[in-house]
Each structure stands twice: as structure tokens, then as C-alpha cells.
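This report refers to the structure that appears directly beneath it.
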Amino acid sequence: EIDRAVRELTEQGRAIYELDEQALRRLQPDLIVTQALCAVCAVSYDDVRAVAERLDPRPEVLALDPHTVGEVLGDVRTLAQATDAKDAGVELVQDAARRIDRVRLAVRAADPVGVAALEWLDPVFTAGHWTPQLIEYAGGFDLLGRPGEPSEQRSWDEVRAARPEVVVVMPC
């Protein structure tokens, strides 16, 4: 039902979400952070920008659009810069890199595990973007997702045919 409702709205060119413009006026933000990666996951960037342009004072709008782990970490740096927290951002990125390295070292001698990462179940969507990289870092290989590419709609027959040893279900 969710998928059908979302598809109907998007096919009609209607928004799935709406911003509470009055609340934003009261809050008077100087920065609004949004994402441009997926119109189904959040308010559209164009809608955020349009509302921001009507606010006084006009806030900066920062839209993040990462496709890889490197880009996610780069966006942490971007956000840290935009919030005058550059040192904290550098520290967070370094900590994340150390954690990734620890995981990669812990599984380096293990046999790779075939994984199907599913972001949605009806219809089936396989994870893309940075998720296949995370699976690789953890000692697996993503059987259906492609690193740096958008999530894709698949069929249950395709999931079965891939014969994953592990299925990670993480509904968006």
C-alpha cells in the first residue's frame, strides 16, 4: 500500500512530504540540511529550497547526495564546515575510518559471504549506494546491489536465484 501511494503521488507530480513553513519561520534557522539522494526518503530538495527562499532571514540550504562511503565521510566534513565544527568533523571521520579498518582486519582471513541487502520488500528493492561497500568491509559481497549506484527494484525470483547466505532486511 505504501509503494502504491508513493507511486501515485510521484506520478501526479505531487509531494510525498511537506514542510511546516510556519514552524520554520518561528525557528529562524540559519542552516537547513536536506538530502537530494532520494525523493521518496525525504522532502524534495526543490521544496526545501523554495521554502527557504521565502524565509526571512533566508537560511543556507545544504543538500547532501552521497553515493559511496567516501562521499558519506566527505559530507560529514561538509556539514562540519557549514556548522563551524571542522575539528569535530575531522575527528568523526577519523574515528569512522578507524572503525572500518578494525572491521576489515577482523574479517580479512574469513571466506567472503554472499549477501542480499534489501531496502524494501513489496516490491523488493536491493540496496545500492554505499551499502555494498559496507558489506564488503564486513567480509561479504553484495550479490544484487551495485556500489555507488541507486537502489534497484528486483523480483523475489532474482533474490532466490542469487542464493544469498545472508539476507539483511533494512526497510527504508
Side-chain angles (χ1 to χ4, degrees), residues 1-100 103 117-138 142 144-154 168-172:
E1 289 178 28
I2 293 170
D3 182 69
R4 182 183 46 75
V6 167
R7 286 179 193 271
E8 284 177 10
L9 287 171
T10 55
E11 286 169 3
Q12 296 168 8
R14 294 174 45 206
I16 299 168
Y17 309 99
E18 60 184 63
L19 290 170
D20 186 338
E21 190 168 341
Q22 295 308 315
L24 286 170
R25 284 188 194 288
R26 285 190 307 275
L27 292 169
Q28 296 186 330
D30 56 358
L31 174 67
I32 297 175
V33 180
T34 187
Q35 59 89 27
L37 188 68
C38 176
V40 173
C41 298
V43 178
S44 83
Y45 170 69
D46 291 337
D47 290 351
V48 173
R49 193 182 69 229
V51 168
E53 288 175 1
R54 293 192 296 269
L55 298 178
D56 186 30
R58 184 181 296 174
E60 176 185 354
V61 176
L62 178 60
L64 307 177
D65 188 20
H67 291 83
T68 65
V69 172
E71 290 175 358
V72 169
L73 297 176
D75 280 351
V76 170
R77 290 184 201 94
T78 299
L79 186 55
Q81 184 74 31
T83 58
D84 295 323
K86 188 175 179 184
D87 291 342
V90 167
E91 186 177 318
L92 184 59
V93 168
Q94 288 173 344
D95 181 58
R98 283 190 297 269
R99 291 172 60 202
I100 289 169
V103 170
L118 308 180
E119 287 186 352
W120 201 248
L121 302 177
D122 187 18
V124 175
F125 272 84
T126 56
H129 303 105
W130 55 86
T131 301
Q133 288 177 282
L134 296 177
I135 290 168
E136 180 184 328
Y137 296 164
D142 194 322
L144 298 166
R146 297 178 316 190
E149 297 296 323
S151 303
E152 289 186 304
Q153 184 174 339
R154 299 289 190 111
V168 178
V169 178
M170 47 188 180
C172 181

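What you see below is based on every heavy atom in this structure, not just the backbone, and it leaves out hydrogens, waters and symmetry mates.
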Over all atoms of both residues, closest heavy-atom pair of Arg25 and Leu55: CG-CD2, 3.5 Å

Tightest non-hydrogen contact, residues Gly89 and Ala80, listed as CA-CB, 3.5 Å

side-chain hydrogen bond (donor to acceptor under 3.5 Å, both in side chains) partners of Glu8, counting only residues at least two apart: Arg4

Please enumerate all residues that pass side-chain hydrogen bond (donor to acceptor under 3.5 Å, both in side chains) together with Glu1, with sequence neighbours excluded. none

According to the side-chain hydrogen bond (donor to acceptor under 3.5 Å, both in side chains) rule, which pairs have a member within residues 117-131, sequence neighbours left out? Glu119-Ser151

Can you see which heavy atom on Leu24 is nearest to which on Pro29, and at what distance? O-CD, 3.3 Å

Could you go through the side-chain contact (heavy atoms from CB on, under 4.5 Å) check for Leu121 and Val169 one step at a time? CA-CA 8 Å; Leu121 302 177; Val169 178; 3.9 Å; yes

Could you check whether any side-chain heavy atom of Asp30 comes within less than 4.5 Å of a side-chain heavy atom of Pro57, counting everything from C-beta outward? no

Could you name each residue pair satisfying salt bridge (Lys or Arg N to Asp or Glu O under 4.0 Å) that touches residues 50-63, not counting sequence neighbours? Glu21-Arg54, Arg49-Glu53

Trace of the side-chain contact (heavy atoms from CB on, under 4.5 Å) decision for Arg154 with Leu144: CA-CA 9 Å; Arg154 299 289 190 111; Leu144 298 166; 3.4 Å; yes

Where is the tightest heavy-atom contact between Ala138 and Val103, given as atom of each residue plus distance? CA-CG1, 3.8 Å

Sequence neighbours excluded, the answer for side chain to side chain contact (heavy atoms under 4.5 Å, CB included) partners of Ala52 is Ile32, Pro59, Val61

Quick one: do Tyr45 and Asp65 satisfy side-chain contact (heavy atoms from CB on, under 4.5 Å)? Show the steps, please. CA-CA 10 Å; Tyr45 170 69; Asp65 188 20; over 6 Å; no

Could you give the distance from OG1 (Thr68) to CG (Leu134), rounded to the nearest 0.5 Å? 10.5 Å

Atom CD of Gln12 with >12 non-hydrogen neighbours under 6.0 angstrom: yes

With a 4.5 Å heavy-atom cut-off, do Leu64 and Thr34 have their side chains touching? no

Taking all atoms of both residues into account, what is the closest heavy-atom pair of Leu19 and Asp47, and its distance? CD1-O, 4.1 Å

Salt bridge (Lys or Arg N to Asp or Glu O under 4.0 Å) pairs touching residues 69-93, sequence neighbours excluded, are none

Separation between OG (Ser44) and CD (Glu18), nearest 0.5 Å, reads 12.0 Å

